[in-house]
Engineer: 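Shown below is the structure under consideration.
Each ligand, and each atom within it, is numbered from 1 in the order the structure gives.
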Amino acid sequence: MTEAAAATAEPARRPVRAAAPAGAPEAGVDAAKLQKEILAELTYSVGRTPETASTRDWFVATALAVRDRIVDRWIAEHSGPIPQKRVYYLSLEFLIGRMLFDAMNNLGLIETAREALDGLGVDIDAVREAEPDAALGNGGLGRLAACFMDSMASIGVPAYGYGIRYDHGLFRQGMRDGWQQEYPEDWLSFGNPWEFAHPEVDYPIGFGGFVEQINEGGKPKQIWRPAERVEAVAIDTPVVGWRGRHVNTLRLWSARAPDPISLDAFNRGDYVGALADRVRIESISKVLYPSDETPAGQELRLRQEFFFASASLQDLLRRHIEERGDVRSLPDHVAIQLNDTHPAIAVPELMRQLLDIHGLGWEESWDITVRTFSYTNHTLLPEALESWPVPLMERLLPRHMQIIYLINAYALEAARAKKPSDDALLASISLIDEGNGRRVRMGHLAFTGSHKVNGVSALHTDLMKQTVFRDLHSLHPDRIVNKTNGITFRRWLSQANPEMTKILIDAIGPELLDDPFRLEKLVPLADDTALHERLVAARRRNKETLAKIIAERNDVWVDPDALFDVQIKRIHEYKRQLLNLLETVAIYNAMRAQPMRPWMPRVKIFAGKAAASYRQAKLTIKLANDIARVVNSDPTVRGLLKVAFLPNYNVSLAERIIPAADLSEQISTAGMEASGTGNMKLALNGALTIGTLDGANVEIKEHVGDDNIFIFGLTAQEVEARKRRGFDARAAVESSAMLREVLDSIRSGVFSPDEPGRYRDFVEGLLNNDTFLVTADFDAYFAAQRRVYKLWRDRAAWMRASVLNTANVGWFSSDRTIGEYAKDIWNVTPAEG
Ligand code: 26Q
């Protein structure tokens with residue numbers, strides 16, 4: 001039985017208690033009403049009786065009852081006046097997680113629902129766990145899109161999110177003998193109560209074929225004759241904001257074959273062959289690409305990108321023309337945000353629709369396009385910059401390739417006019433990379449087609465100007481702006497950590513829920529011992545809950561009073577989980593050398609998925625599990641050091657780990673993590689950060705203060721300089737006795753007695769080519785960890801720093817981020833605020 005099935009198999013019912021009696025206060029009356037509605041859904045939508053209902057049935061019934069309340073507001077919002085301007089957030093990823101508590105929290109229904117279900121003998125927490133995560137994203141970029149959807153609905157920015165309704169979200173991570181195994185994810189297998197399918201809203205999407213030039217009234221006109229067609233069908237999910245004031249729409253596209261079966265083949269008696277075409281066409285929305293950062297250059301990925309970009313543009317153009325009558329006013333009423341380059345093909349697609357379908361001229365079309373689009377960059381890693389081979393584009397999207405060439409020609413001409421005879425500049429801003437086979441640079445395409453381009457932290461934005469977009473920036477000095485990322489406090493504080501939220505409300509008032517800047521009122525309470533005690537007790541309970549999860553999933557017992565040191569994120573060399581593991585081994589060696597020293601108990605918690613094809617990342621997971629096995633069972637350590645790699649990291653697991661964390665590991669090679677958002681979630685929940693001056697860590701440090709964060713290591717500039725000089729890892733290791741010992745123990749098989757050579761090449765590779773400067777930062781990291789333990793011994797000082805973290809991170813609310821996008825990029829005025 002799968003984990004999820006096990007959780008929901010047994011009937012969920014306990015003895016029935018009556019809901020609140022008539023005449024009880026407001027909430028009680030509402031609970032009785034909600035209870036009735038849940039029962040009605042259970043009977044008429046799920047088709048079950050309370051006696052036979054499983055936990056999952058109760059989840060569906062509850063979700064449908066909550067959904068009804070959202071739909072009322074949704075309809076009201078859509079039948080109201082047409083908004084002056086709408087935002088369309090185009091993203092191939094929306095990493096939403098569970099929706100029931102999110103919706104109930106925003107509607108203020110959690111306690112009401114608890115009472116209603118309690119009265120039916122149903123445990124609301126079990127119902128919560130029965131919901132599968134909507135994992136339509138890889139990591140930070142997808143989760144950011146989900147936080148933004150919540151914030152747009154909360155501050156009242158009229159918006160649609162557009163993406164793909166993948167049948168299968170991010171793979172489930174299993175462990176076999178410490179190695180990651182990927183299993184298909186199946187979030188829709190029991191239906192999805194949140195969505196509304198609109199089979200009547202469908203758009204044709206073409207692929208391949210050729211471009212025909214015809215003559216229309218003496219003017220040449222291009223007509224794309226695609227060889228293949230797919231239909232994009234709309235499936236909508238309402239997104240309700242804080243206090244239910246606004247409801248936006250997440251519209252995800254599903255691919256459908258225009259003919260369910262090929263009649264030709266069917267009539268020839270080839271039934272299987274007749275279905276094959278359909279399967280091939282519908283594969284477009286089957287599965288999320290599970291690699292983050294390193295683009296997988298497969299044709300199916302490009303098909304996904306075009307499929308959803310084209311459907312979204314057809315949909316929003318239809319709406320715009322229905323409402324405003326004329327496509328020319330598009331930029332006045334529509335802002336389209338490109339979440340990274342994944343939807344960048346929308347730039348030539350909008351041009352095509354304006355030129356070929358609406359009959360506008362080039363200049364006017366280009367003006368509309370640039371004023372409508374803006375683009376967010378999330379990475380500067382060269383290997384992560386998306387580009388597509390020209391021949392592939394040519395074959396799949398021949399008309400778009402023509403348009404890209406034209407955009408390029410005009411852009412190069414304009415550049416030549418501004419900076420004559422600078423060939424290097426022209427080569428560097430060209431949309432076509434002539435270097436390694438001819439490829440279309442999607443970042444350049446998105447940049448050129450947008451009026452604003454933003455980075456996701458101050459440092460990242462500066463680096464964008466200096467590196468990847470240096471020359472484009474010199475030609476368009478006002479285009480690049482910074483929009484430091486944020487997180488929704490409603491999910492990452494209120495829902496994930498209700499006990500802490502209650503304590504904060506008691507301390508500074510409930511207004512903090514509406515305005516996160518109010519958290520600053522905690523500053524004068526930073527030394528309040530009564531507050532400390534309550535927060536410590538709440539965290540202790542969160543740590544017990546996490547300890548139970550670790551016991552269940554890893555069969556490892558950990559001490560809830562130990563320092564919980566967590567690194568939770570995708571596994572990547574630049575994020576340097578390895579640095580953390582090396583420190584773990586260093587401590588282990590030290591404990592074995594001096595077992596009787598008064599070591600502080602600590603638990604190293606890791607979680608994260610590796611891209612299936614990323615060998616080095618998978619080996620890092622294996623190393624973490626190997627170290628865990630040896631350390632956890634070594635009697636000399638006496639349980640004072642425990643290591644746990646929690647499998648299948650996802651949004652729901654993050655909601656469990658973050659409120660239980662004491663220390664937040666944000667230790668990427670400086671200059672490589674664009675922003676990070678887990679860093680914000682952990683600081684908000686009162687964990688202290690140990691981190692490099694990278695991404696948003698820099699700004700977290702500025703907000704929480706130097707004394708309340710542990711910064712170490714090379715800066716981005718120093719990293720750059722070291723690399724330029726040619727960094728010698730062997731010399732670094734030579735000068736650190738501790739690091740030498742650590743690497744020797746890993747290399748010699750201390751942690752892999754079953755295969756002593758397992759890490760030989762791994763260690764050799766690090767010594768020969770330490771691209772991410774793990775060895776360069778090791779000593780500084782080790783020293784920073786000692787500072788951590790010094791503070792941890794003084795619990796009052798630690799709690800003071802912890803309170804000051806929570807108090808000072810209000811700025812990292814995604815409501816603030818969205819407010820900035822609205823003002824500086826989209827030119828829309830939020831209804832709230
Ligand atoms: C591209 C082409 C083909 C297949 C996959 C991809 C692909 C998919 C996902 C490329 C990149 C991603 C995800 C990137 C990502 O999550 N970046 C993170 O974005 C966060 C939000 O801005 C930042 O906080 C992180 O620093 C950044 O790493």
Engineer: Specify side chain, backbone, both or neither for Tyr574, according to which of its non-hydrogen atoms lie closer than 4.0 Å to ligand 1.
Structural biologist: side chain

Engineer: Please confirm whether Gly676 approaches ligand 1 to less than 4.0 Å, judged on its heavy atoms.
Structural biologist: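 Judged by the 4.0 Å heavy-atom criterion, Gly676 does count as contacting ligand 1.
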
Engineer: List ligand 1 atoms under 4.0 Å from Ala674, heavy atoms only on the residue side.
Structural biologist: 26 (O)

Engineer: Just wondering, are more than 12 heavy atoms of other shown residues or ligands nearer than 6.0 Å to CZ in Arg438?
Structural biologist: yes

Engineer: My understanding is that only one of Tyr405, Phe306, Phe207, Trp388 makes a ring-ring contact (aromatic ring centres under 6.0 Å, His included) with His400; could you say which?
Structural biologist: Phe306

Engineer: Go through the side-chain N and O atoms of Glu93 and Asn339 and say whether any donor and acceptor fall under 3.5 Å apart.
Structural biologist: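 Distance-only check fails for Glu93 and Asn339.
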
Engineer: Will you find, in the side chains of Gln567 and Lys604, an N or O donor that is under 3.5 Å from an N or O acceptor?
Structural biologist: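 Their side chains do not contain a donor-acceptor pair, so the 3.5 Å distance test is not met.
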
Engineer: Under a 3.5 Å threshold, yes or no: a donor from one side chain and an acceptor from the other, between Gln173 and Asn648?
Structural biologist: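 Judged by distance alone, the side chains do not pair up.
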
Engineer: Pick whichever of Gly140, Gly137, Ala696 has a heavy atom sitting closest to atom 20 (C) of ligand 1.
Structural biologist: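 Result: the heavy atom closest to atom 20 (C) of ligand 1 is in Gly140.
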
Engineer: Side-chain donor-acceptor pair under 3.5 Å between Ser668 and Asp694, yes or no?
Structural biologist: yes

Engineer: Is Leu141 in polar range of ligand 1, meaning some N or O pair under 3.5 Å apart?
Structural biologist: yes

Engineer: Quick one: which ligand 1 atoms are inside 4.0 Å of a heavy atom on Ser291?
Structural biologist: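 Every atom of ligand 1 under 4.0 Å from some heavy atom of Ser291: 4 (C), 5 (C), 6 (C), 7 (C), 8 (C), 9 (C).
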
Engineer: Could you list all the salt bridge (Lys or Arg N to Asp or Glu O under 4.0 Å) pairs where at least one residue sits in residues 695-705, not counting sequence neighbours?
Structural biologist: Lys701-Asp706

Engineer: For ligand 1, is there an N or O atom under 3.5 Å from any N or O atom of Glu93?
Structural biologist: no

Engineer: Could you work out, for atom 21 (C) of ligand 1, the closest of Thr677, Val456, Asn485 by heavy-atom distance?
Structural biologist: Asn485

Engineer: Of the choices Arg570, Lys483, Arg301, which has the non-hydrogen atom that lies closest to atom 6 (C) of ligand 1?
Structural biologist: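 Among Arg570, Lys483, Arg301, the closest heavy atom to atom 6 (C) of ligand 1 comes from Arg301.
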
Engineer: Does an N or O from Glu386, backbone or side chain, lie closer than 3.5 Å to an N or O of ligand 1?
Structural biologist: no

Engineer: How would you list all residue pairs meeting ring pair (Phe, Tyr, Trp, His ring centres under 6.0 Å) that involve residues 676-706, not counting sequence neighbours?
Structural biologist: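 Matches after skipping sequence neighbours: His703-Trp811, His703-Phe812.
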
Engineer: Going by distance only, is there an N or O of Lys575 that falls short of 3.5 Å from an N or O of ligand 1?
Structural biologist: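 Not met; the criterion fails.
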
